[in-house]
Amino acid sequence: MIRTSVLHQTHVLVSREDPPQSPELSFKLGEKECVSLLKKCSNMEEFKQSHARILKLGLFGDSFCASNLVATCALSDWGSMDYACSIFRQMDELGSFQFNTMMRGHVKDMNTEEALITYKEMAERGVKPDNFTYPTLLKACARLPAVEEGMQVHAHILKLGLENDVFVQNSLISMYGKCGEIGVCCAVFEQMNERSVASWSALITAHASLGMWSDCLRLLGDMSNEGYWRAEESILVSVLSACTHLGALDLGRSVHGFLLRNVSGLNVIVETSLIEMYLKCGSLYKGMCLFQKMAKKNKLSYSVMISGLAMHGYGREGLRIFTEMLEQGLEPDDIVYVGVLNACSHAGLVQEGLQCFNRMKLEHGIEPTIQHYGCMVDLMGRAGKIDEALELIKSMPMEPNDVLWRSLLSASKVHNNLQAGEIAAKQLFKLDSQKASDYVVLSNMYAQAQRWEDVAKTRTNMFSKGLSQRPGFSLVEVKRKMHRFVSQDAGHPQSESVYEMLYQMEWQLKFEGYSPDTTQVLCDVDEEEKKQRLSGHSQKLAIAYALIHTSQGSPIRIVRNLRMCNDCHTYTKLISIIFDREITVRDRHRFHHFKDGACSCRDYW
DNA sequence: TTAGGGTTAG
């Protein structure tokens, strides 16, 4: 009855302005009214009133109106999935649109498993999925992550012949990427006939999330070669992340330039990524300038800045920024405190570190995690307080992990405390450490103590576990390209000229009073062999390459995977004065800025 | 008839 009256009303409305309409078009006007009612809603109260009105007008029986009702309730920011479900359950006609809507609602609500259940119900009811079904469903699989379900879904897509839909393909790339299946992820991308920027974005983000940084940069090049280059902040953030990890400052700078030219008003994520890139690529000054100019800083921006200062050895400055953060009313979290403790650690601020550690719990209610204990062990260990570090480990409310023992082992090595080193190593081996470096450090400590039998025993132990030493490498950026050198490298195309340069460097170093610190070569070989091995360390090769291929006076930046040895440290200090170059070296934990014969770490690292 | 993919940082 109600529906008839509505039909009548709309018919009258139309017939005033237009020639008589067919009953079908008049019915559409009922739908239009429904849509306009729903569009006006901005909260659940208003929505409920519109819902009542729609029921009263008899529009709920119309599939289009009911569907829009569900969609509005399920997908609006102010909506409610419970309410949407109750409407959904009352509907007579359930097709793919209705199911797709419910799935989207569940995914939006982070209720991903419910989205998969909805898909299952869809199949059970014999409703055929369409091309709109899969992007949502794959997003759910990606988020869980549920690669097996994702692959089943992929099979359904092939069965239904939807594999050429670009939206479906992009979702597949993203799903496989997030599930760590980079091979299939690339295969889907390769098979695409037509790609969009989102396809590249999904692919680059997938590589970035798996730490495949070099591939990220290669793909960015491929993307621009295929003419897909446009200002896409999200892609550039992934690329900046790659630059950060690889230490590719020049490329990072060009991304910055591109952003300045093409994007007006950088958002806080892009700005923070830029700051992190500058800080971790060695350009502390530039990172600091950008940070100071930021209009709005959040907790993450402060966190990045504090950790950056820590890496550069500016502990006190890091603590100052931390105070500023608190003054701004920003509440620190556990990760900010990791940065703060690291800042203390790298600058040898033992008392300050202890104060912060206590303050974290007392003032901010943050229970120390194993990571914080790790920072404290590192702080004490670096400062030579090995016994205190060991005491702290024993007093922890949780079981110490390999990271902690490794930190103690490393400190024992630096401070020549073989007894503590043996304790740490024993615990590491008990935890079934699969890191060859743990065996190598202990073996090196025995070597330093001339205990060659123990050296042999440790090495045999290591080999019997099938472990081999990860080679140390140094990366150096020349003309926006990263060049990689390993120790005693002979594989670089310009190896010959590098060794020639090395010879010249050593000749000049002799005049500065340099003599190779052969105690750093921990093998039972003769002095000449030791000298030979020292001179071929990857950092020296990288510096030689940079001296040949960069203009006089320009800075040299190196990224290494391991801590540098004392000899490389002394050597680099002298090179900085002889060749008048600023040399920045980033290892796994921190930066060393070599200038005029001195290092920013003041030999504390 | 309705709608969908890539949202990035410590």
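Chain A is the first sequence line, chain B the second, and so forth, proteins listed ahead of strands; every chain is numbered from 1. What you see below is based on every heavy atom in this structure, not just the backbone, and it leaves out hydrogens, waters and symmetry mates.
When heavy atoms are screened at a 4.0 angstrom cut-off, A:S238 is found touching no nucleic acid atom at all. Residue contacts shown for A:T133 are absent, as no nucleic acid heavy atom lies under 4.0 Å away. As judged by a 4.0 angstrom heavy-atom cut-off over every strand, A:V197 is placed among the base-contacting residues. Within 4.0 Å (heavy atoms only), A:T272 reaches at least one base atom of the nucleic acid. Backbone-only engagement by A:S273 is indicated by non-hydrogen atom pairs under 4.0 Å involving sugar-phosphate atoms exclusively. Across all strands shown, A:V35 has no heavy atoms under 4.0 Å from either base or sugar-phosphate atoms.
The side chain of A:F64 sits closest to B:dT2 out of B:dA9, B:dG4, B:dT2. Candidate nucleotides B:dG6, B:dG10, B:dT8 were compared by shortest atom distance to the side chain of A:S303, and B:dG10 ranks first. Comparing B:dG6, B:dG10, B:dG4 by their closest approach to the side chain of A:A198 singles out B:dG6. Taking the side chain of A:N267 as heavy atoms from C-beta on, and the options B:dG10, B:dG4, B:dT8, the nearest nucleotide is B:dT8. Here the side chain of A:F132 is nearest to one of B:dG6, B:dA9, B:dA3, namely B:dA3.
Atom CG in A:L266 sits about 13 Å away from atom C1' in B:dT8, given to the nearest Å. Rounded to whole Å, the distance from CG on A:L220 to P on B:dT8 is 18 Å. Rounded to a whole Å, the CG atom of A:L330 is 18 Å from the P atom of B:dG10. Look at CD1 on A:I269: it is 15 Å from P on B:dG6, rounded to the nearest Å. When rounded to the nearest whole Å, the span between CE of A:M305 and P of B:dA9 equals 19 Å. When rounded to the nearest whole Å, the span between NE2 of A:H207 and P of B:dT8 equals 18 Å. Computed from coordinates, the A:E271 CD to B:dT7 P distance equals 21 Å when rounded to whole Å. As a whole-Å value, the separation of A:M110 CE from B:dT7 C1' is 13 Å.
Ring centroid separation for the pair A:F99 and A:Y119 does not come in under the 6.0 Å cut-off. Taking the six-membered ring for Trp, A:F357 and A:Y373 have ring centres closer than 6.0 Å.
Ring geometry, A:F60 versus A:H51: the interplanar angle falls from 30° to 60°, so the pair is classed tilted. Between A:H256 and A:Y278, the two ring planes are perpendicular [angle over 60°; tilted spans 30° to 60°]. Using cut-offs of 30° and 60° for the angle between ring planes, the A:Y83 and A:F47 rings count as perpendicular.
In this structure, A:K178 reaches the B:dT7 phosphate: one of its side-chain N or O atoms is under 4.0 Å from OP1 or OP2. Contact check, A:K299 against B:dA9: no side-chain N or O comes under 4.0 Å of OP1 or OP2.
Donor-acceptor pairing under 3.5 Å, judged by distance alone, is present between the side chain of A:E31 and the base of B:dT1. Judged by distance alone with a 3.5 Å cut-off, no donor-acceptor contact links the side chain of A:N100 to the base of B:dG4.
Proximity of a side-chain donor or acceptor of A:Y228 to a complementary backbone N or O of A:R195 within less than 3.5 Å is detected.
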